[in-house]
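Taking it in order: structure first as structure tokens, then the write-up.
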2 protein chains.
Amino acid sequence: MTKKSKQEAQCVLPRNSILAGDCIEVMNSLPENSVDLIFADPPYNLQLRGDLNRPDNSKVDAVDDHWDQFDSFQAYDEFTRDWLAAARRLLKPDGAIWVIGSYHNIFRVGAALQNTGYWILNDVVWRKTNPMPNFRGKRLTNAHETMIWASKSEGAKYTFNYEALKSLNEGVQMRSDWVLPICTGHERLKDEEGNKAHPTQKPQSLLHRVIVGSTNPGDVVLDPFFGTGTTGAVAKMLGRDFVGIEREDSYRKYAEERIAQISPFDKSALEVSTSKRAAPRVPFGQLVERGMLQPGDELYSAGNRFKAIVRADGTLVGKDFKGSIHQVGAHYEGAPSCNGWTYWHFKRDGQIISIDVLRQQIRAEMEGRTN
Amino acid sequence: MTKKSKQEAQCVLPRNSILAGDCIEVMNSLPENSVDLIFADPPYNLQLRGDLNRPDNSKVDAVDDHWDQFDSFQAYDEFTRDWLAAARRLLKPDGAIWVIGSYHNIFRVGAALQNTGYWILNDVVWRKTNPMPNFRGKRLTNAHETMIWASKSEGAKYTFNYEALKSLNEGVQMRSDWVLPICTGHERLKDEEGNKAHPTQKPQSLLHRVIVGSTNPGDVVLDPFFGTGTTGAVAKMLGRDFVGIEREDSYRKYAEERIAQISPFDKSALEVSTSKRAAPRVPFGQLVERGMLQPGDELYSAGNRFKAIVRADGTLVGKDFKGSIHQVGAHYEGAPSCNGWTYWHFKRDGQIISIDVLRQQIRAEMEGRTN
DNA sequence: GTGTTTAGTGAATCGAACG
DNA sequence: GCGTTCGATTCACTAAACA
């Protein structure tokens with residue numbers, strides 16, 4: 001790295017702007033560990049070798065008969081390794097990346113992701129409702145593209161808005177195959193003559209799902225192959241910041257205009273369903289401290305087969321075992337674990353009520369305090 | 001190659017038999033340019049950490065077999081290169097290969113295919129109708145596997161029965177995504193104790209489509225990871241010859257018995273997925289993703305008595321309640337349930353329009369899909 | 001016999017916070 | 001840093017058990 005770019009690398013990330021230039025150079029000039037999500041739609045046309053800005057590697061594996069073809073794969077692999085490494089440097093430790101491609105390039109990209117240290121979380125198939133048919137009838141209709149979702153490294157705490165995606169899917173878990181139409185109609189950017197402004201403009205619906213699912217409002221999304229700025233447009237709509245990198249002047253111009261016209265959705269509309277994991281933890285002992293349950297009270301298991309008694313320190317004691325609500329529940333069920341909150345019940349006025357109701361009361365009080 | 005295996009390599013291909021041993025060694029002992037199609041289901045190299053329990057605390061029966069264990073990506077890549085090279089030698093010049101895998105291995109397999117000189121024709125997604133859910137809610141449901149279809153080299157005249165596949169798909173071009181159930185029920189081979197005979201048995205419907213689409217009657221199909229012989233069973237049914245290679249004695253035994261019981265052209269075993277499906281379910285969230293409704297838009301109840309606001313994850317928020325379109329509708333009506341699609345309306349150009357109109361638009365787009 | 005409920009299962013890289 | 005504890009989390013389908 002030159003001295004100049006070293007200095008540049010100290011700079012603050014220019015949020016909500018489109019940077020001109022080669023994406024590898026530009027990424028190397030941005031501060032490390034500064035980006036929450038990267039969405040990348042890299043080029044895959046192997047014929048455009050000159051566009052990769054890489055000298056041909058003269059080392060030829062003479063064992064292989066297809067040396068010329070191999071050489072071109074090699075150049076693409078090198079390019080892929082380089083931009084993936086530059087992107088990984090920018091990611092926060094708990095950040096993630098999405099890359100989209102077709103069978104021409106996605107296998108090389110996926111292998112490079114794994115070799116670079118990313119950890120694949122899912123591959124996701126975009127199933128096109130309206131693909132272009134195979135006119136010559138020589139192959140299957142190419143009706144999908146593949147996305148790879150990966151964290152920066154194994155074990156990282158990536159963002160995943162499970163409940164929000166479940167809501168987007170009528171209350172059942174979001175699957176790894178997404179059925180969405182390609183980008184057409186008014187959404188498709190056209191030039192003055194009515195020709196498409198960009199050959200592979202992605203639909204906003206695709207980015208909507210990616211960004212809702214793997215970022216939170218206020219996060220920064222970087223797109224190193226910005227094109228006409230679908231990533232930036234959807235990020236702005238959804239109250240996220242973006243950074244775009246694009247080499248072609250023409251595409252940048254379309255993207256600027258397009259994003260300027262967008263106004264973010266109202267903040268309350270951007271709140272999404274959250275998981276119980278995000279709710280504050282309530283120690284069972286607090287129910288005793290607050291007098292919602294009293295030492296000596298009896299709790300009954302789900303199914304009413306077991307009984308335990310509440311003690312002053314918030315532990316339970318059963319016939320032959322004592323411990324936390326979870327431990328005693330697990331013991332009686334012979335299970336590896338047990339959620340005591342949903343397992344145990346108390347009696348009041350002849351009714352059997354889950355102790356989780358009491359926890360919800362406490363949480364409601366806490367919310368009133370902080371909001 | 002040793003002298004012995006050189007001699008062996010001169011031998012005639014042993015049609016309709018299951019060969020014991022390591023697939024690379026066995027393939028190297030078979031005559032070159034002798035096989036029309038290869039179907040391969042290699043080890044996926046899953047890297048599972050600890051145990052996984054379902055929410056009901058039952059334990060997931062993981063694929064932890066010794067044959068799926070590799071020391072590193074490098075070791076897996078080496079293995080992949082070797083068996084792909086041996087397989088390519090066996091293929092007739094106009095032969096083709098299918099390889100199936102998941103995100104754990106398919107990217108490495110695809111890159112190796114390209115590097116070995118194969119020419120990718122399509123990647124095909126097997127969308128499972130009934131995949132195992134993601135029990136911890138930490139990722140997307142892993143609902144598909146990927147197959148790669150490749151010819152021996154660029155420009156080869158591979159076999160593709162376009163019309164046959166079109167017929168299998170109710171008269172429209174077969175697409176690159178195939179919707180098929182996983183292998184369960186009577187088709188799934190069990191041992192004496194009722195446990196599955198093989199952890200990853202593939203459904204016959206999948207092989208049916210592969211073999212009908214890319215071979216002709218009388219062709220030879222080779223499967224180097226034969227397992228319990230789904231490839232051989234379907235090949236025999238369809239009047240094709242097969243060669244299986246399998247290392248595990250137990251799997252070979254099941255395969256022998258299974259294939260012996262099959263008589264060719266068993267019509268009842270043919271494609272069953274031709275029935276029309278019910279109107280596809282459209283998640284309300286898709287209206288938001290597609291921009292037909294926007295986060296912050298107001299919806300009005302039938303009768304115009306209640307109002308709710310659309311959020312980015314496809315849930316609604318009303319005055320004192322939030323949830324799905326159905327839940328919020330039911331809440332306001334004090335009803336046990338509510339069809340949100342007919343209950344909620346939006347305003348456009350002064351008109352009040354049912355959101356069901358938007359759903360019908362999406363369904364109209366999806367028509368023509370038959371999978 | 002017939003309809004209903006309960007149990008089981010499938011290629012899975014399936015925590016996070018506290019002390 | 002590491003061991004311990006808390007406690008969140010499932011869809012489609014089959015088949016046996018039950019009423």
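Within every chain, numbering begins at 1; the chains are lettered A, B, ... in the order of the sequence lines, protein sequences first and strands thereafter. Any value given below was found using the heavy atoms of this structure, including those in side chains, with hydrogens, waters and symmetry copies removed.
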Whole-Å C1' distance, C:dT13 and D:dT4: 25 Å

Given C:dC14, D:dA8, D:dA12, the nucleotide with the shortest approach to the side chain of B:N130: D:dA12

Stems formed with participation of DNA chain C [Watson-Crick or G-U wobble, under 3.5 Å, three or more pairs]: C:2-10 with D:11-19, C:15-19 with D:2-6

Nearest-nucleotide comparison on DNA chain D, the residue closer to the 5′ end among A:G171 and A:S324: A:S324

Aromatic centroids of A:Y300 and A:H345 separated by under 6.0 Å: no

Distance-only donor-acceptor test, B:R139 side-chain atoms vs C:dT13 base atoms, 3.5 Å: yes

C1' atoms of D:dA19 and C:dG1, separation to the nearest Å: 13 Å

OP1 or OP2 of D:dA8 under 4.0 Å from side-chain N/O of A:H326: no

B:R127 charged N/C atom sitting above B:W178 aromatic ring, 6.0 Å / 45°: no

Sorted by number, the residues of residues 72-80 of chain B with heavy-atom contact under 4.0 Å to DNA chain C: none

Side-chain N or O of B:S102 closer than 4.0 Å to phosphate OP1/OP2 of C:dT13: no

Sugar-phosphate, base or nothing in reach of B:G101, heavy atoms under 4.0 Å: nothing

Touch class at under 4.0 angstrom, heavy-atom based, for A:Q327 against every strand present: sugar-phosphate

Proximity of B:Y251 and B:H198 rings by center, below 6.0 Å: yes

Residue whose closest nucleotide on DNA chain C lies nearer the 5' end, A:W119 versus B:G194: B:G194

Sugar-phosphate only, base, or nothing, as touched by A:N122 at under 4.0 Å among non-hydrogen atoms: nothing

Sugar-phosphate only, base, or nothing, as touched by A:I120 at under 4.0 Å among non-hydrogen atoms: base

Most 5' of A:K157 and B:R54 on DNA chain C, judged by nearest nucleotide: B:R54

Nucleotide nearest B:I182 (side chain, heavy atoms from C-beta), chosen from C:dT9, C:dG10, D:dA8: C:dG10

Residue whose nearest DNA chain D nucleotide is more 5′ - A:K166 or B:T184: A:K166

Sugar-phosphate only, base, or nothing, as touched by A:R175 at under 4.0 Å among non-hydrogen atoms: nothing

Candidate nucleotides C:dT13, D:dC11, D:dA15, ranked by approach to the side chain of B:H186 - the nearest: D:dA15

Neighbour count above 12 (heavy atom, 6.0 Å) for B:K322 NZ: no

Phosphate contact (D:dA8 OP1 or OP2) by A:N339 side-chain N/O below 4.0 Å: yes

Test: B:R175 and B:D177 ion pair at under 4.0 Å: yes

Interatomic distance at P, D:dA15 relative to C:dA11, whole Å: 15 Å

Presence of B:K138 side-chain N/O under 4.0 Å of C:dA12 phosphate oxygens OP1/OP2: no

Minimum-distance nucleotide (side-chain atoms of B:Y103 versus C:dC14, C:dA12, D:dC11): C:dA12

Rounded distance in Å between the P positions of C:dC14 and D:dC6: 24 Å

Phosphate OP1/OP2 of D:dC6 contacted by A:R281 side-chain N/O (<4.0 Å): no

Pair B:S102-B:H104, side-chain donor/acceptor within less than 3.5 Å: yes

C:dT13 phosphate, OP1 or OP2, under 4.0 Å from B:N142 side-chain N/O: yes

Syn/anti state for C:dT13 [syn: chi within 90° of 0]: syn

Output field: ring centroids B:F70/B:F79 closer than 6.0 Å: yes

In a table with atom names and distances, give each donor-acceptor pair under 3.5 Å that connects a side chain of residues 335-343 of chain A to protein atoms at least two apart or in another chain.
unit_1	atom_1	unit_2	atom_2	d
A:N339	OD1	A:W341	N	3.0
A:T342	OG1	A:N339	O	3.2
A:Y343	OH	A:E333	OE2	2.5

Touch class at under 4.0 angstrom, heavy-atom based, for A:V172 against every strand present: sugar-phosphate

Distance test, side-chain N/O of A:S337 to OP1/OP2 of D:dG7, below 4.0 Å: no

Centroid-centroid under 6.0 Å between B:W67 and B:Y44 rings: no

Centroid-centroid distance, B:F226 to B:F242, less than 6.0 Å: yes

B:M132 side chain, from C-beta outward: closest of C:dA12, D:dG7, D:dT10: C:dA12

Touch class at under 4.0 angstrom, heavy-atom based, for B:P42 against every strand present: base

Atom P, compared across C:dT9 and D:dT9: separation rounded to whole Å: 25 Å

Touch class at under 4.0 angstrom, heavy-atom based, for A:C338 against every strand present: base

Sugar-phosphate only, base, or nothing, as touched by B:D68 at under 4.0 Å among non-hydrogen atoms: base

Sugar-phosphate only, base, or nothing, as touched by B:Q201 at under 4.0 Å among non-hydrogen atoms: nothing

Sugar-phosphate only, base, or nothing, as touched by B:P131 at under 4.0 Å among non-hydrogen atoms: base

Short side-chain N/O contact from A:K276 to OP1 or OP2 of D:dG7, under 4.0 Å: no

Ionic contact status for A:D94 with A:K152, cut-off 4.0 Å: no

Within the 6.0 Å centroid threshold, strictly below: A:W344 and A:F284: no

